[in-house]
Undergrad: 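One structure follows; several queries about it will come next.
Just so you know, these numbers use all the heavy atoms, side chains as well, and skip hydrogens, waters and symmetry mates. Atoms within a ligand are numbered from 1 in the order they appear, just like the ligands themselves.
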Amino acid sequence: MMRALGFLSIMIFVALSACENYDMDMADQVSFKVQESPRLQAPVGSVTVHQERVDYADVDGVTLENLFPKNEQTLATGKKLYGIYCLPCHAADGTTSGMPVADKMDPRPADLLSEAVTSLTEGEIFHRIVEGFGIMPAYKRDLSDEEAWYVTEHVMKLQKRD
Ligand code: HEC
C-alpha cells in the first residue's frame, strides 16, 4: 500500500512538473493574419517567381548590357525565337528580301544588316525588341528579358558582330 502511494505521489510530481514547463508561447506568438499589416518583406536576394518585368520604356538602350551567359545553347534559342517572332517581317538572313509581309508595310521593316542597325549597340537592339520601334510591335509580353537578349544575340550574329 505504501509502495503504491509512493508511486502515485511520484507520478503526480512528474505530471505537475510537466505542467510547470507548459507555457503559452505558441498561442501568444506575434503573428499576423493574411494581408494584415505589417506584411513580410521578401528576403534580400530573393528571386521573383511571378515574372515581374522591368519597365524599359524610359531607359536608354545604350545603357543596357547583356548579363546572361552566351553559349551555343543561348544562340540556338535566340535563332529559334527569331524564327517565331521576327521572321514574319525580317528575313532569316536579317534583310527583308523575299518577305511578303515586309512589302505591305510602310515603313518597311528595317534591314537588320543595314548601317542604321549595325551601328546600334547590343542594348539598343534589345530595347527595340522589348519596347518596339515605330510601327514595329513591342515583344515584352511575348519574350522574357532573357529571351529578348538571346534574340539580340542572334541579330548580332547575323550582323557578324558576335
Ligand atoms: C510585324 C512586323 C515586324 C516584326 C514581327 C518584327 N519587326 Fe522589327 N521592324 C519592323 C518595322 C516595320 C521596322 C521599322 C520601324 C520603323 O522604322 O518605324 C522594324 C525595325 C526593326 C529594327 C531596327 C530599329 C532601328 O533602330 O532602326 C530592329 C533591330 C528590329 N526591327 C528587330 C526585330 C526583331 C529582333 C524582331 C523579333 C523579335 C522584330 N524586329 C520583329 C517590323 C517588324
Undergrad: Can you name the one residue among Val117, Ile125, Asp93 that meets side chain to side chain contact (heavy atoms under 4.5 Å, CB included) with Leu112?
TA: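 Per the side chain to side chain contact (heavy atoms under 4.5 Å, CB included) rule, the option paired with Leu112 is Val117, out of Val117, Ile125, Asp93.
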Undergrad: For atom 5 (C) of ligand 1, what is the closest protein heavy atom, and at what distance to 0.1 Å?
TA: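 Going atom by atom, the protein heavy atom closest to atom 5 (C) of ligand 1 ends up being Tyr139 OH, 2.8 Å.
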Undergrad: What distance do Asp162 atom CG and Lys160 atom NZ have between them, rounded to the nearest 0.5 Å?
TA: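 Rounded to the nearest 0.5 Å, the CG-NZ separation comes out at 8.5 Å.
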Undergrad: Please classify the Leu120 to ligand 1 contact at 4.0 Å (heavy-atom distances, strictly less than): side chain, backbone, both or neither.
TA: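 Only the side chain of Leu120 comes within reach of ligand 1.
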Undergrad: Using side chain to side chain contact (heavy atoms under 4.5 Å, CB included) as the criterion, point out the one residue from Trp149, Tyr139, Tyr56 that pairs with Val130.
TA: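 One option only clears the test, and that one is Tyr56.
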Undergrad: Which of the atoms in ligand 1, numbered in the order shown and given with their element, are less than 4.0 Å from a heavy-atom of Val151?
TA: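 Within the 4.0 Å cut-off of Val151, ligand 1 contributes 35 (C).
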Undergrad: How far is atom 16 (C) of ligand 1 from its nearest protein heavy atom, and which residue and atom is that?
TA: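 Here the nearest protein heavy atom works out to Pro107 CG, 3.7 Å.
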Undergrad: Using a 4.0 Å cut-off to any heavy atom of Tyr85, which atoms of ligand 1 qualify?
TA: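 Contacts of ligand 1 toward Tyr85, numbered from 1: 5 (C), 37 (C), 41 (C).
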Undergrad: According to salt bridge (Lys or Arg N to Asp or Glu O under 4.0 Å), who are the partners of Asp60, at least two apart in sequence or on a separate chain?
TA: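 Applying salt bridge (Lys or Arg N to Asp or Glu O under 4.0 Å) to Asp60 gives none.
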Undergrad: Report the protein N/O/S neighbours of atom 8 (Fe) of ligand 1 that fall below 2.8 Å; do not count waters.
TA: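 Counting only protein N, O or S atoms under 2.8 Å from atom 8 (Fe) of ligand 1, the list reads His90 NE2, Met136 SD.
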Undergrad: With heavy-atom distances below 4.0 Å as the criterion, list the atoms of ligand 1 near Val117.
TA: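 Those of ligand 1 that fall under 4.0 Å from Val117 are 23 (C), 29 (C).
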Undergrad: Which heavy-atom pair separates Cys89 from Met105 by the least distance, and what is that distance?
TA: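 Looking at all heavy atoms of both residues, the shortest contact is SG-SD, 3.8 Å.
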Undergrad: Which residues pass the salt bridge (Lys or Arg N to Asp or Glu O under 4.0 Å) test with Arg161, sequence neighbours left out?
TA: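 Here no residue qualifies.
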Undergrad: I'd like to know if His154 contacts ligand 1, where contact means a heavy-atom distance under 4.0 Å to any ligand atom.
TA: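 No; His154 lies far enough from ligand 1 that no heavy-atom distance drops under 4.0 Å.
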Undergrad: Locate the shortest heavy-atom distance separating Ala91 from Tyr82; write the atom from each residue and the value.
TA: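 For Ala91 versus Tyr82, the nearest heavy atoms are O-OH, 2.8 Å.
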Undergrad: One residue to check: Leu81. Relative to ligand 1, which of side chain, backbone, both or neither has a non-hydrogen atom less than 4.0 Å away?
TA: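 No part of Leu81 comes within reach of ligand 1.
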Undergrad: If the condition is side chain to side chain contact (heavy atoms under 4.5 Å, CB included), which residues does Asp111 pass it with, not counting sequence neighbours?
TA: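 Listed in chain order: Thr95, Leu113, Ser114.
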Undergrad: Closer than 4.0 Å to some heavy atom of Ile135 - which atoms of ligand 1 meet that?
TA: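 What qualifies from ligand 1 is 12 (C), 18 (O).
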Undergrad: Is it the case that the side chain of His90 and the backbone of Ala110 share a donor-acceptor pair, with hydrogens and angles ignored and the cut-off at 3.5 Å?
TA: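 Yes; at least one donor-acceptor contact below 3.5 Å.
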Undergrad: Counting only heavy atoms from other residues, nucleotides and ligands, does the tally under 6.0 Å from NZ of Lys157 exceed 12?
TA: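 It does not: Lys157 NZ has 12 such atoms or fewer within range.
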